[in-house]
Amino acid sequence: MSKAPPAPPSLQELRKEIDAIDEQVHRLLMARGDIIDRLIQVKQTQEVGSAFRPAREASMMRELVRRHRGILPLDTIESIWRVIISTFTYVQAPFSVHADVSLGEPAMRDSARFHFGFVVPYVGHFSAQAAVEAVAKSKGDLALVSAVSSRTPWWNALEADGAPKIIARLPFLERADHPAALPVFVISRVADDAMVTEVQMWSVRVAGWNADIARALAPLAEIVAVPDTAFDGAALLVSDAGTGFEKIKAALIQAGASVRSSALVGSHATRYTVPPNGSAKP
């Protein structure tokens with residue numbers, strides 16, 4: 001006679017398992033805090049500079065994507081880890097987030113809270129230029145500005161040596177219904193060896209810019225363009241994701257534009273696209 005299958009666990013038993021896991025998670029976060037406290041002491045003696053490490057953060061997010069499974073949405077994991085990273089960065093070296101709200105305050109605030117939580121102070125500004133200027137005057141703050149449109153060429157202020165640079169593009173994981181879908185650039189000062197350089201950002205000033213040239217460049221790079229009356233043309237923010245800037249520059253000239261100046265103004269990690277089935281891919 002076959003044995004009856006074991007009875008499923010009761011709700012009380014399952015809740016005890018959840019409570020035990022919650023306690024482990026809390027204890028591990030406190031243990032992480034203890035390590036950060038020791039790290040702070042090391043940094044005070046070694047003076048290594050800013051606590052921002054874009055390359056390390058990108059590596060951590062990729063590892064999260066690689067190992068994630070189960071019913072918990074990947075967006076939730078992204079937000080939890082972003083807030084953990086940002087909060088512990090804030091503990092190491094307090095900073096504020098300066099956000100350009102000129103193109104819509106609710107979406108920008110959602111992006112800031114999703115990626116940095118509520119511990120990091122949030123400061124709204126009515127232009128990208130004002131947000132960038134606030135970061136330039138600070139010791140370790142960062143700015144969030146739109147990555148897809150602009151009213152002014154705020155990136156010109158990033159050209160000088162020692163100026164803040166673009167260090168990231170958020171959200172790192174992209175999907176159609178992302179809860180913080182607004183594409184934003186993160187601007188701050190970080191050590192050169194902490195940058196991730198998979199996508200290079202270039203400030204380019206051209207004469208003779210028009211719609212035909214924009215269409216010719218579209219297959220090669222993402223471009224934000226605003227009128228530049230000083231050159232009777234346009235100021236461009238060009239995202240080079242591996243095409244090579246010299247090739248992009250040559251395409252501009254071939255299409256009829258004159259390149260007046262160019263400067264590297266930052267870089268960021270390659271983004272991950274999450275298709276409807278939920279498995280992320282670069």
Side-chain angles (χ1 to χ4, degrees), residues 21 24-25 28-29 31-33 35-36 39 48-93 95 97 110-117 120 142-145 147-148 165-202 221-222 238-244 264-282:
I21 292 171
Q24 291 178 51
V25 171
L28 288 171
L29 285 174
R32 194 183 198 279
I35 296 173
I36 294 296
L39 183 64
V48 296
S50 171
F52 289 107
R53 291 293 180 268
R56 175 165 167 74
E57 292 181 14
S59 177
M60 293 171 69
M61 293 307 301
R62 287 194 175 99
E63 183 62 21
L64 285 175
V65 172
R66 185 194 65 78
R67 69 171 176 250
H68 185 64
R69 62 177 179 80
I71 65 172
L72 188 63
L74 192 54
D75 294 332
T76 302
I77 293 296
E78 179 189 11
S79 181
I80 289 172
W81 250 260
R82 284 295 323 171
V83 171
I84 289 173
I85 293 169
S86 298
T87 301
F88 280 119
T89 301
Y90 178 79
V91 170
Q92 293 179 63
F95 66 96
V97 173
D110 283 350
S111 180
R113 293 312 187 198
F114 180 91
H115 293 99
F116 301 98
V120 178
L142 58 80
L144 300 182
V145 302
V148 294
K165 304 297 179 187
I166 296 169
I167 66 170
R169 188 187 190 278
L170 302 174
F172 186 67
L173 304 178
E174 292 190 334
R175 66 178 177 85
D177 53 350
H178 194 289
L182 181 68
V184 297
F185 287 126
V186 182
I187 299 159
S188 187
R189 287 190 180 91
V190 299
D192 290 342
D193 61 0
M195 294 287 282
V196 55
T197 58
E198 294 164 354
V199 179
Q200 292 189 328
M201 303 300 305
W202 290 85
E222 293 181 2
V238 179
S239 300
D240 175 14
T243 299
L264 185 65
V265 293
S267 58
H268 62 80
T270 302
R271 308 189 303 277
Y272 270 73
T273 299
V274 183
N277 63 14
S279 58
K281 61 180 180 179

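Quick caveat: nothing in here was measured; it's all calculated off a predicted structure. The basis for the numbers below is simple: all heavy atoms, side chains too, and nothing from hydrogens, waters or symmetry mates.
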Write down the atom of [X], the atom of [Y], and the distance for their closest heavy-atom approach.
{"X": "Ile166", "Y": "Phe185", "value": "CG2-CD2, 3.8 Å"}
{"X": "Ala194", "Y": "Pro54", "value": "O-CD, 3.2 Å"}
{"X": "Arg113", "Y": "Val120", "value": "NH1-O, 3.4 Å"}
{"X": "Leu264", "Y": "Lys165", "value": "O-NZ, 4.1 Å"}
{"X": "Pro171", "Y": "Pro183", "value": "CD-CA, 4.3 Å"}
{"X": "Phe172", "Y": "Glu78", "value": "N-OE2, 3.4 Å"}

So with a 6.0 Å cut-off around CZ of Arg69, is the heavy-atom count from everything else above 12?
-> no
State the [atom1]-[atom2] distance between [X] and [Y], to the nearest 0.5 angstrom.
{"X": "Arg82", "Y": "Met61", "atom1": "CZ", "atom2": "CE", "value": "7.0 Å"}
{"X": "Trp81", "Y": "Ser86", "atom1": "CH2", "atom2": "OG", "value": "13.5 Å"}
{"X": "Asp192", "Y": "Thr197", "atom1": "CG", "atom2": "OG1", "value": "11.0 Å"}
{"X": "His178", "Y": "Asp110", "atom1": "NE2", "atom2": "CG", "value": "11.5 Å"}
{"X": "His68", "Y": "Ile77", "atom1": "NE2", "atom2": "CD1", "value": "5.0 Å"}
{"X": "Phe52", "Y": "Gln92", "atom1": "CZ", "atom2": "CD", "value": "10.0 Å"}

Give the ring-plane orientation class for Phe116 versus Phe95, where under 30° counts as parallel, over 60° as perpendicular and anything between as tilted.
-> perpendicular
In chain order, what residues pass the side-chain contact (heavy atoms from CB on, under 4.5 Å) check against [X], with sequence neighbours excluded?
{"X": "Val199", "value": "Met201, Ser239, Ala241, His268, Thr270"}
{"X": "Leu182", "value": "Ala107, Met108, Val184"}
{"X": "Thr76", "value": "Leu72, Pro73, Ile80"}

Side-chain heavy-atom pair Ile187, Leu142 within 4.5 angstrom cut-off |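 Of all side-chain heavy-atom pairs linking Leu142 with Ile187, none is under 4.5 Å.
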Side-chain contact test, heavy atoms from C-beta onward, threshold under 4.5 Å: evaluate it for Ile84 versus Arg32 and give yes or no.
->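 They are in side-chain contact.
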Return yes if some donor-acceptor pair links the side-chain N/O of Ser79 with the main-chain N/O of Phe114 below 3.5 Å, else return no.
->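 Yes, the answer is positive, given that a donor and an acceptor are paired below the 3.5 Å cut-off.
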May I ask you to decide if Ser111's main-chain N or O and His115's side chain share a donor-acceptor pair within less than 3.5 Å?
-> yes
Sequence neighbours excluded, which residues qualify as salt bridge (charged side-chain N to carboxylate O under 4.0 Å, His left out) partners of Arg66?
-> Glu63
For Glu198, what residues pass the salt bridge (charged side-chain N to carboxylate O under 4.0 Å, His left out) criterion, not counting sequence neighbours?
-> Arg62
Contacts of Phe88 meeting ring pair (Phe, Tyr, Trp, His ring centres under 6.0 Å) (sequence neighbours excluded), chain-then-number -> none
Let me see the working for Arg169 and Glu174 under side-chain contact (heavy atoms from CB on, under 4.5 Å), right down to the final yes or no.
-> CA-CA 11 Å; Arg169 188 187 190 278; Glu174 292 190 334; 2.7 Å; yes
Could you list the residues that satisfy side chain to side chain donor-acceptor pair (under 3.5 Å) with Asp75, not counting sequence neighbours?
-> Arg175
